[in-house]
Protein chains: 2
Amino acid sequence: MEKYVQILKKNCLKVTPQRLEILKYLDTHRTHPTADTIYSNLKNNNPSLSKTTVYNTLQHLDEHGLVYTLTISGSESRFDSNINPHHHFLCKICSNIIDIDIECPNVKKVEVGGHRIDEVHGYFKGVCASCLKESNNGED
Amino acid sequence: MEKYVQILKKNCLKVTPQRLEILKYLDTHRTHPTADTIYSNLKNNNPSLSKTTVYNTLQHLDEHGLVYTLTISGSESRFDSNINPHHHFLCKICSNIIDIDIECPNVKKVEVGGHRIDEVHGYFKGVCASCLKESNNGED
DNA sequence: CCTTTAATTTGTAATCATTACAATATGATA
DNA sequence: TATCATATTGTAATGATTACAAATTAAAGG
Ligand SMILES: [Mn+2]
Ligand SMILES: [Mn+2]
Ligand SMILES: [Zn+2]
Ligand SMILES: [Zn+2]
């Protein structure tokens, strides 16, 4: 837990139990959860937690580069505490979001056509390996 | 206009005045408009047009691969009738979405890690050249 | 320890994009 | 021209996110 305290302090963010819990959740659940998923799971052990706090905290963490906000689904934001540059795959069957570790010459770009680049997102959409296998079994 | 009639027929989509107008709008406005922008602009000359029709039509066009739905902004879908594979840049100042014609070895991928890829989206976010110039002028 | 203060948390209400639905209208086909 | 499946329309509902104001609390200093 001390780890998360240091992360907050290093970023001049006030240390609160809520923020520590959210940081820990993101660090230990690399499933790209939604704000609501984080809220629901933490609510059990933190009954007073407010959903607004989850949204506010995620926004702060994003602004300080501590999490990465994914807009791959179009209907809801997904949050990633793996801030190493990497791409993502969204399965249109099971909705899982999977890390794609693929060679990409553009992931570290800081400028293109005179535009200053702050973030790079590589999104792939389709059917994941697991769901492909499922649908093949069904055709036996 | 015959051009759009043919596109619809070729895709087994019933030809309606609303669909023709929406197709034409997308073809002549390569600004990645939102559904609401399309609706507001067409409403002037088509007073009976319903926003639901715009959403329905865009969904049909997307399903038939006639438009590309961008989720770069996170808060609203943007639509692109340029279905040539290309990447996009979102300016966090002016909110414009700009085509990025950049060499990318992953844009034509159909499989990765056993996952079947149907769509590839390359999203860059930052400050566009025009807004960068603006902010430099302000600092004179 | 106390005090102070600015920042955070909380609950609720509001917003905004999108979807559901049912009644009406209309393209396509014969 | 009759038929019918499909499209359009208006309105209501949904769901994620944000706005807001009151209550709470972390951090800093004495
Ligand atoms: Mn990830
Ligand atoms: Mn484009
Ligand atoms: Zn899947
Ligand atoms: Zn700009």
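Proteins get letters first, then strands, A, B, ... in listed order; numbering begins at 1 in each.
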Q: Starting from the C-alpha separation in whole Å, work towards a yes-or-no answer on side-chain contact (heavy atoms from CB on, under 4.5 Å) for F89(A) and C91(A).
A: CA-CA 7 Å; F89(A) 178 92; C91(A) 175; 4.1 Å; yes
Q: Assign S77(B) to base, sugar-phosphate, or nothing according to its heavy-atom contacts below 4.0 angstrom with the strands shown.
A: sugar-phosphate
Q) Looking for any heavy atom pair under 4.0 Å, which part of the strands does S48(A) touch: base, sugar-phosphate only, or nothing? A) sugar-phosphate
Q. Roughly how many Å is it from CD1 in I22(B) to P in dA7(D), rounded to a whole number?
A. 13 Å
Q) Rounding to a whole Å, what distance do you find between F79(A):CZ and dT17(D):C1'? A) 10 Å
Q.
Would H86(B) and I100(B) count as a side-chain contact (heavy atoms from CB on, under 4.5 Å) here? Give the steps.
A. CA-CA 6 Å; H86(B) 62 288; I100(B) 299 295; over 6 Å; no
Q. Which salt bridge (charged side-chain N to carboxylate O under 4.0 Å, His left out) pairs, counting each pair once, include a residue from residues 51-62 of chain B, with sequence neighbours left out?
A. D36(B)-K51(B)
Do [X] and [Y] touch side chain to side chain, with heavy atoms closer than 4.5 Å?
X       : Y       : value
Y39(A)  : L49(A)  : yes
I102(B) : K109(A) : yes
L90(A)  : Y123(A) : no
D99(B)  : H32(B)  : yes

(Q) So does K14(A) get a backbone contact from the side chain of R19(A), meaning a donor-acceptor N/O pair under 3.5 Å? (A) yes
Q: Without swapping roles, check the side chain of T71(B) against the backbone of T71(A) for a donor-acceptor pair under 3.5 Å.
A: yes
Q: Would you sort out whether D80(A) and H88(A) count as a side chain to side chain donor-acceptor pair (under 3.5 Å), showing the intermediate values?
A: CA-CA 11 Å; D80(A) 194 345; H88(A) 293 91; 3.0 Å; yes
Q.
A quick test of your reading: do over 12 heavy atoms of other residues, nucleotides or ligands sit less than 6.0 Å from CD of E103(A)?
A. no
Q. Pick the nucleotide of DNA chain D nearest each of K51(B) and G74(B); which residue has the one closer to the 5' end?
A. K51(B)
Q. Any chain of hydrophobic side-chain contacts (each under 4.5 Å) joining Y55(A) to Y25(A)?
A. no
Q. Where along nucleotides 21-30 of chain D does protein come under 4.0 Å, by heavy atom, of base (B) or sugar-phosphate alone (S), with - for untouched nucleotides?
A. -----BS---
Q: Applying salt bridge (charged side-chain N to carboxylate O under 4.0 Å, His left out), name anything that partners K10(A), two or more places apart in sequence or on another chain.
A: none
Q) In dot-bracket form, how is DNA chain C paired, counting a Watson-Crick or G-U wobble pair only if both its distances are under 3.5 Å and using | for bases paired to another strand? A) ||||||||||||||||||||||||||||||
Q: Using a cut-off of strictly less than 4.0 Å between a heavy atom of the residue and any atom of DNA chain D, enumerate the qualifying residues of residues 52-63 of chain A by number.
A: T52(A), Y55(A)
Q: Identify the 5'-most and 3'-most nucleotides of DNA chain C with at least one atom closer than 4.0 Å to a non-hydrogen atom of chain B.
A: dA17(C) to dA28(C)
